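Everything numeric here is computed off the predicted structure, so don't read it as measured data.
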Amino acid sequence: EAWLFTPTHAELAVLIIGAVNKYARYMGYRGNLRERIDWGKKALEVAEQTRNTSAIAETCASTIAWPLLQQGDYAQAGEYCEKGMNAAVQAHEPRWAGEAARSLSGIAREQGLRDEARHWAQKAFEFARQSGNTQLKRGAILDLGYASMLGRNYTQAEKRFRVLSKLAEGDKDKERLANRSVDVALAILNQGRVEEARKLIEYTLALGKELQNEIVTG
């Protein structure tokens, strides 16, 4: 059922949009991607009725586009990315423009479009610098690394993955460190450095055991 709002309800609408987006993302983290999309579209209805371009940008670029990408619905994901990016530019919200660019890079990567994947990853990095959002910047670097892998530039991919690995190590973020260690391992394996890659995989497995123990004892 559609929710009806007028511009006079703007403050209430902002609260509702924020709450619905948070709930939608929570459902996504639990693996309920369809429900995340459905709730995201409800938030979008309110944002569009109140002409809240910032909310339109966030909801399209982040809440809706990402799960559509995960489901392999590239056409619809791309449409929401473009809509979110246009709204983000209009609202001067480079963070959400960057999130949309990241999803567009992911869509291109899944379709094997090397140049397009690199283009959107670079755009995401530029938006990240404008917004000053650290996580977006790191995500853009990761996407640039994946684009390099797609282009078989494994040396460049390794450099980018190692930058992120160092940052995760500094943050003591074992989960991200494990993920980036796998990325580095794949990059160096493709360069023929098999033994070095094997050691990194063993390191990743050790990190995984530490994380599991922390979950059990925590």
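Within the structure, every pair that satisfies the side-chain hydrogen bond (donor to acceptor under 3.5 Å, both in side chains) test and touches residues 102-112, not counting sequence neighbours, is listed here: R102-D143. The ring pair (Phe, Tyr, Trp, His ring centres under 6.0 Å) pairs that include a residue from residues 174-213 number zero, where partners must be two or more places apart or lie in different chains. Residue pairs meeting the side-chain hydrogen bond (donor to acceptor under 3.5 Å, both in side chains) criterion with at least one partner in residues 121-130, sequence neighbours excluded, are absent. Listed by first then second residue, pairs satisfying salt bridge (Lys or Arg N to Asp or Glu O under 4.0 Å) with a partner in residues 113-122 read D115-R118, not counting sequence neighbours. Note on residues 69-82: pairs passing side-chain hydrogen bond (donor to acceptor under 3.5 Å, both in side chains), not counting sequence neighbours, are K41-Q76, D73-Q76. Applying the salt bridge (Lys or Arg N to Asp or Glu O under 4.0 Å) definition to pairs two or more places apart or across chains, those involving residues 149-164 are E158-R162, E158-R193, R162-E196.
In this structure, the side chains of Q90 and N86 stay at 4.5 Å or more apart for every pair of heavy atoms.
Separation of atoms CG (L142) and CG (D183) is listed at 6.0 Å; rounding is to 0.5 Å. Here the NZ-CD1 distance, from K199 to I188, works out to 10.5 Å after rounding to the nearest 0.5 Å. With rounding to the nearest 0.5 angstrom, the CD atom of E48 is 11.5 Å from the OG1 atom of T53. The structure places CG of L207 at 5.0 Å from CG of L177, a figure rounded to the nearest 0.5 Å. Annotation: the span from S181 atom OG to L186 atom CG amounts to 11.0 Å, rounded to 0.5 Å.
The hydrophobic clustering, which links ILVMFWY residues whose side-chain heavy atoms are closer than 4.5 Å, places W96 and L68 apart. Cluster annotation: F125 is not connected to W66 through the hydrophobic network of ILVMFWY side chains, with a link wherever side-chain heavy atoms come within less than 4.5 Å. Follow the hydrophobic side-chain contacts under 4.5 Å out from L69 and you never reach L33; the two are in separate clusters. Residues L164 and Y154 share a single hydrophobic cluster, defined by chaining ILVMFWY side chains whose heavy atoms lie under 4.5 Å apart. No continuous path of hydrophobic side-chain contacts links W39 to L44 [ILVMFWY only; heavy atoms under 4.5 Å].
Taking the side chain to side chain contact (heavy atoms under 4.5 Å, CB included) definition, one finds that A128 meets it with L136, K137, sequence neighbours left out. Taking Y146 as the reference, F161 meet the ring pair (Phe, Tyr, Trp, His ring centres under 6.0 Å) condition, with sequence neighbours excluded. Residues satisfying the salt bridge (Lys or Arg N to Asp or Glu O under 4.0 Å) test with R138, not counting sequence neighbours, are D171. For K174, the salt bridge (Lys or Arg N to Asp or Glu O under 4.0 Å) test picks out E210, E214, with sequence neighbours left out.
Other residues sharing a hydrophobic cluster with L150 under the 4.5 Å side-chain heavy-atom criterion for ILVMFWY residues do not exist; the residue is a singleton. Cluster partners of V194, using a side-chain heavy-atom cutoff of under 4.5 Å among ILVMFWY residues and allowing indirect links, are L189.
In this structure, the side chain of N52 engages the main chain of A55 through a donor-acceptor pair within 3.5 Å.
At a cut-off of 3.5 Å, with distance as the only test, a side-chain donor of S54 or E93 sits close to an acceptor on the other residue.
Salt-bridge formation is detected for the pair D38/R34: a Lys NZ or Arg NE/NH1/NH2 atom is positioned less than 4.0 Å from an Asp or Glu carboxylate oxygen.
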